[in-house]
Asks: 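Here's a structure for you.
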Amino acid sequence: MMRKSHGPAARLTVESLAPGGDGVGILDGRMCFVALGVPGDTLEVRITRDAGRHLFARIARIIDPGPGRRPPPCPLFPGCGGCALLHVDEAIQGTEKQRQLMRQFGMAEVPFVQDGPALGYRRLARLHSLPVKGGAVCGFHERHTNRVVDVRQCPVLEPALSAVLLPLRDRLLPHLKEPAEIAIVHGTSGIAVRVSAQRALPTAFYRAAEALVPSLLSGAVVEVDGVTTTVAGADGIDAEGGDGQSIRMPVGTFGQANAAVNRRIAATVNEIVRSLAHRRHCVEYFSGAGNFTVALASLCERMDAVEADKDACRMALENLRDRGLHHVTVHGADAVDAGVRFTGETDLVVLDPPRTGAPELCRFLQNTSIEAIIYISCNPATLKRDADILHDGGWRMARLSGFDMFPQTGHIEAVALLTR
């Protein structure tokens, strides 16, 4: 049972960062999570919640700052929930994320990659729009709430992407009369926006969107109650894929936000594939528009790519055709439903599931004769759960690498190789 406490201030030294970004120290023999704590900090803290086995606290006073503490390079921090670690030096961020992986998977060493700029790196983002009197606010949710912080510029977005926030807020979003999700993406073909809403949008919104193409945007797409319509311009965006060349992908659907780290992940996956004894037939699940597919295809004699999103499948076919990769078949299907087709003939499985992971697929793969599984994960917790499912079928984690896809946040990307 949760118990609130308003006791006197206590002294605490922060020893590490928890997944999500809170500092962690020991207080009265219990782990204490301190919002905005930095490893090495000596703090005076006040308990905000007693959860029995754990304590939660806020900083009352910084007695001695840790070596990685810095002024956050954004005036909206820490209220804006888009970032959790702007007050922590990037080197410390990387060290702590690497340690989290090692602890979580019980491994003595896990390589961890940080590459490219730590600010101005995000080429796509999902924001929230909320109508207010006289206009709209648009930004990320406030930390630990569903309130929207009005973001007029953002230091983690690519500068060109950050620059469209104000024009969108002032010229397009006031025509929305209900809350909506706004996906913006910057690619080699320009900047595109996708607006997702539950109900039909007013005619004035469509006119405003058309007026922004092509002067500000390369394309504008609307999704209302699951139905997608291209309002103006292109229905997709060109962006760098895993092979370093341009791929076409749907606006606002899943894509790798950090181009430099995406290249490193693709290179790691390709290195693993080259090391395998057998790679005649590869099946890739959650293949999207082909970000990893285009890089993997040249390493396998035959390949099947499985993706449930129809628009992503259509663009994956275009991307493969443009490269002359005719030995790849794209299947518009659910991963588990499609898995049965390939059981007896597959050497290698590659999967890149959403944050929720792929437990059903891993239960299916558990007792197959497949030789190797490469699991690309954006959530180490669900990777660990799914790896444990495979472990029950005789699989072991032969290799694990971490990647800082989202500097300034608590998110960690990982690539695991599982073998018999």
Side-chain angles (χ1 to χ4, degrees), residues 123-124 183 185-194 196 218-223 226-257 259 262-263 265-267 269-270 273 279-343 345-354 358 361 374 376:
R123 56 180 177 173
L124 62 88
V185 57
H186 182 212
T188 55
S189 59
I191 295 173
V193 62
R194 180 189 184 104
S196 300
S218 64
V221 175
V222 166
E223 180 190 9
V227 178
T228 301
T229 304
T230 300
V231 178
D235 65 344
I237 192 87
D238 295 329
E240 182 186 294
D243 62 354
Q245 301 177 47
S246 183
I247 64 168
R248 193 88 170 146
M249 66 179 187
V251 176
T253 60
F254 174 78
Q256 300 288 11
N262 184 53
R263 287 192 294 270
I265 292 175
V269 172
N270 284 9
V273 174
R279 42 189 163 94
R280 292 160 299 182
H281 180 221
C282 171
V283 180
E284 181 189 7
Y285 296 100
F286 310 99
S287 54
N291 176 53
F292 294 121
T293 318
V294 294
L296 285 167
S298 62
L299 304 178
C300 305
E301 295 178 17
R302 185 163 63 89
M303 188 170 178
D304 289 278
V306 179
E307 169 58 48
D309 186 286
K310 292 181 180 179
D311 289 332
C313 288
R314 173 170 56 84
M315 293 184 188
L317 287 169
E318 294 177 14
N319 296 325
L320 292 163
R321 184 182 62 243
D322 290 346
R323 290 163 170 77
L325 299 172
H326 303 298
H327 62 295
V328 182
T329 303
V330 176
H331 304 267
D334 174 82
V336 177
D337 293 342
V340 180
R341 306 181 199 175
F342 310 115
T343 305
E345 56 186 42
T346 304
D347 302 304
L348 168 66
V349 160
V350 177
L351 63 151
D352 182 16
L361 179 61
I374 299 175
I376 305 161

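Everything numeric here is computed off the predicted structure, so don't read it as measured data.
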Asks: Counting N and O atoms only, with roles assigned by atom type, does the side chain of Thr346 sit under 3.5 Å from a partner on the main chain of His281, one being a donor and the other an acceptor?
Replies: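 Not a single qualifying donor-acceptor pair exists.
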
Asks: Any side-chain to backbone donor/acceptor pair from Thr188 onto Asp238? Under 3.5 Å, distance only.
Replies: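 Indeed, once roles are kept as given, a pair shorter than 3.5 Å links the two residues.
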
Asks: Any idea which heavy atoms bring Glu307 and Cys313 closest together, and the distance?
Replies: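 For Glu307 and Cys313, the tightest heavy-atom pair comes out as O-SG, 3.1 Å.
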
Asks: Would a distance-only check, ignoring hydrogens and angles, find a side-chain to backbone donor-acceptor pair under 3.5 Å from Arg280 to Asp347?
Replies: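 No, the answer is negative, given that no donor and acceptor are paired below the 3.5 Å cut-off.
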
Asks: Arg323 and Ser246: which non-hydrogen atoms are nearest, and at how many Å?
Replies: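 Smallest interatomic distance, heavy atoms only, reads NH2-O, 2.9 Å.
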
Asks: Drop me the distance from Ile191's CD1 to Arg123's CZ, to the nearest 0.5 angstrom.
Replies: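 Answer rounded to 0.5 Å: 13.5 Å.
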
Asks: What's the separation between atom CD in Gln256 and atom CD1 in Ile376, rounded to the nearest 0.5 Å?
Replies: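 Gln256 atom CD to Ile376 atom CD1 measures 8.0 Å (nearest 0.5 Å).
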
Asks: Quick one: closest heavy-atom pair of Glu240 and Ala259, and the distance?
Replies: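 Residues Glu240 and Ala259, closest heavy atoms: OE2-O, 4.1 Å.
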
Asks: Are the side chain of Arg248 and the backbone N or O of Met315 linked by a donor-acceptor pair below 3.5 Å?
Replies: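 Checked: no pair found.
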
Asks: So, Thr228 and Arg194: side-chain donor and acceptor under 3.5 Å apart, yes or no?
Replies: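 Arg194 and Thr228 do have a side-chain donor-acceptor pair below 3.5 Å.
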
Asks: Roughly how far, to the nearest 0.5 Å, is CD of Glu301 from SG of Cys282?
Replies: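 With rounding to 0.5 Å, SG (Cys282) is 12.0 Å from CD (Glu301).
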
Asks: Can you spot which of Ile247, Asn291, Leu325, Val330 makes a side-chain contact (heavy atoms from CB on, under 4.5 Å) with Asn319?
Replies: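 Filter result, single survivor: Ile247.
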
Asks: Counting C-beta onward and ignoring hydrogens, is there a side-chain heavy-atom pair between Leu320 and Val294 closer than 4.5 Å?
Replies: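 Yes - at least one pair of side-chain heavy atoms lies under 4.5 Å apart.
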
Asks: Taking all heavy atoms of Ala305 and all of Thr293, pick out the closest pair and write down the distance.
Replies: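 Taking every non-hydrogen atom into account, CB-CG2, 4.1 Å.
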
Asks: What closest approach, in Å, do Leu351 and Phe286 show between heavy atoms, and which atom pair accounts for it?
Replies: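 Closest approach of Leu351 to Phe286, heavy atoms only: CB-CD1, 4.3 Å.
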
Asks: What is the distance from atom OG of Ser287 to atom NE2 of His331, rounded to the nearest 0.5 Å?
Replies: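 One finds 9.0 Å between OG of Ser287 and NE2 of His331.
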
Asks: Would the distance check show the side chain of Arg314 and the main-chain N or O of Asp309 forming a donor-acceptor pair, the cut-off being under 3.5 Å?
Replies: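 No, Arg314 side chain to Asp309 backbone: no donor-acceptor pair under 3.5 Å.
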
Asks: If you look at every heavy atom in Ala239 and Met249, which pair is closest and at what distance?
Replies: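 Scanning both residues, the minimum pair turns out to be CB-CE, 4.2 Å.
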
Asks: I'd like to check the side chain to side chain contact (heavy atoms under 4.5 Å, CB included) partners of Ala295; sequence neighbours left out, ordered by chain and number.
Replies: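 Expected list: Asp243, Asn270.
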
Asks: Could you measure the distance from the CG atom of Leu296 to the CZ atom of Arg279? Nearest 0.5 Å is fine.
Replies: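 So the CG of Leu296 and the CZ of Arg279 are separated by 10.5 Å.
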
